[in-house]
Amino acid sequence: MRSSGWIQMESEFFMPGLVDTHIHASQYSYAGTALDMPLLQWLNTYTFPVESQFKDLEFANKVYSQVVRRTLRNGTTTACYHATIHTDASLLLAQITNELGQRALVGKVCMDRNNAVKHYKETCQESQEETCRFIAELLNKKYPRVKPVVTPRFAPSCTGALLGQLGAIAKNNNLHIQSHVSENVEEVKLVKELFPESESYTDVYHKYNLLTDKTVMAHGCYLTDEELTLFRETGASVSHCPNSNISLCSGILNVRKVLKHKVKLGLGTDVAGGYSASMLDAVRRALDSSKVLTIQDPEYDTLTFEEVFRLATLGGSQALSMDDQTGNFEVGKDFDALRVNVAAPGGPIDLIQTDEPKVMIET
Ligand SMILES: O=c1[nH]c(=O)c2nc[nH]c2[nH]1
């Protein structure tokens, strides 16, 4: 079967919709600001206080409507969202994505550990019960393109007991799972201290049945060969979020290493660690990051534009285990497409006569 990445016309073409494999809808209100700290301090200083405001459904409605409209305008036809710990606001995000026509996985965030902002956490029991309520109520809506995703925030925010319960909930309901892994050196060290019995950060999730072929983990900058092997064996995927990795000075993912291990890989904006809600920006940052690795080691095989375009479309759908429905124009999939007019009046592109569109076909 042939599948085509572009359908060519005169100055217009269709291309597959962009797939954002990791975005915090609740952080959109401060995107582009507050990027002056490393991850753990950034979470405590900016992120948790803002996320705690989503108890207020009016505030939630405002921000969630804006972020879904904006990502759609930027060409994101599929998004994997983190919301907050608040069930009703998370259900509202799902309702908005359904109403505006975006394909989405929506996660009510789970966290029963937070020493910095004490009011922004749940007990283990609350988190488990509210996750079950979120899943039941969302599935009950029968939205055609919007599904729940089990969302332990990351290992430092969750006790082992909660991680175990979330692994069981995902398994019993055959659901997607999303979280963060190995983003920043200090975080990796903290996980070692909190889970001394585990062999690695990845092993913490594996131990609690949170690594499956429907799992997507953001970042993975410091994953070892052994950890990537575990990803490959379980079918779990990595979401590469280059804007965030640079903006929070977290690290640079070696994409070649991930691909060499045959681990599924997509791209994410990671708003608001990443300051842009555009997947086109994520494509550019992924290319820039790859070039930085080549500057550091001239032997490093820089990613090509075509490879990164694939990560933003088909790669993302594979990372979310949705490639039976979306990601390219293969016969039988839904037509999640962007119609691009490169000659639109007042548009950002100046066409020079010799410019030829590139036709990409994957077979
Ligand atoms: O970039 C990130 N953004 C977050 O909100 C977060 N939470 C845990 N780890 C995280 N990393």
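Each residue takes its place number in the sequence, starting with 1. In what follows, every heavy atom counts, from backbone to side chain, and hydrogens, waters and symmetry copies are set aside. Order of listing sets the numbers, starting from 1, for every ligand and every atom in it.
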Asker: Say whether D270, considering both its backbone and side-chain N or O atoms, lies within less than 3.5 Å of an N or O atom on ligand 1.
Answerer: yes
Asker: Please enumerate all residues that pass salt bridge (Lys or Arg N to Asp or Glu O under 4.0 Å) together with E306, with sequence neighbours excluded.
Answerer: K358
Asker: H82: heavy atom below 4.0 Å from ligand 1, yes or no?
Answerer: no
Asker: Counting both backbone and side chain atoms, is some N or O of W42 under 3.5 Å from an N or O of ligand 1?
Answerer: no
Asker: Kindly say whether the aromatic ring centers of H22 and H240 come within a distance under 6.0 Å.
Answerer: no
Asker: Which pairs of donor and acceptor atoms, one on a side chain in residues 189-198, lie under 3.5 Å apart (sequence neighbours left out)?
Answerer:
none

Asker: Using the benzene-type ring in the case of Trp, are the ring centres of Y81 and Y64 under 6.0 Å apart?
Answerer: no
Asker: Does Q27 approach ligand 1 within less than 4.0 angstrom via side chain, backbone, both or neither, non-hydrogen atoms only?
Answerer: side chain
Asker: For ligand 1, which atoms have a heavy atom of H219 less than 4.0 angstrom away?
Answerer: 1 (O)
Asker: Checking K257 side chain against L223 main chain: does a donor-acceptor pair fall under 3.5 Å?
Answerer: yes
Asker: Taking 4.0 angstrom as the limit and counting only heavy atoms of H24, give me the atoms of ligand 1 inside it, by number and element.
Answerer: 3 (N), 4 (C), 5 (O)
Asker: Report the part of Y46 in contact with ligand 1, treating N, CA, C, O as backbone and CB onward as side chain, heavy atoms under 4.0 Å; options are side chain, backbone, both, neither.
Answerer: neither
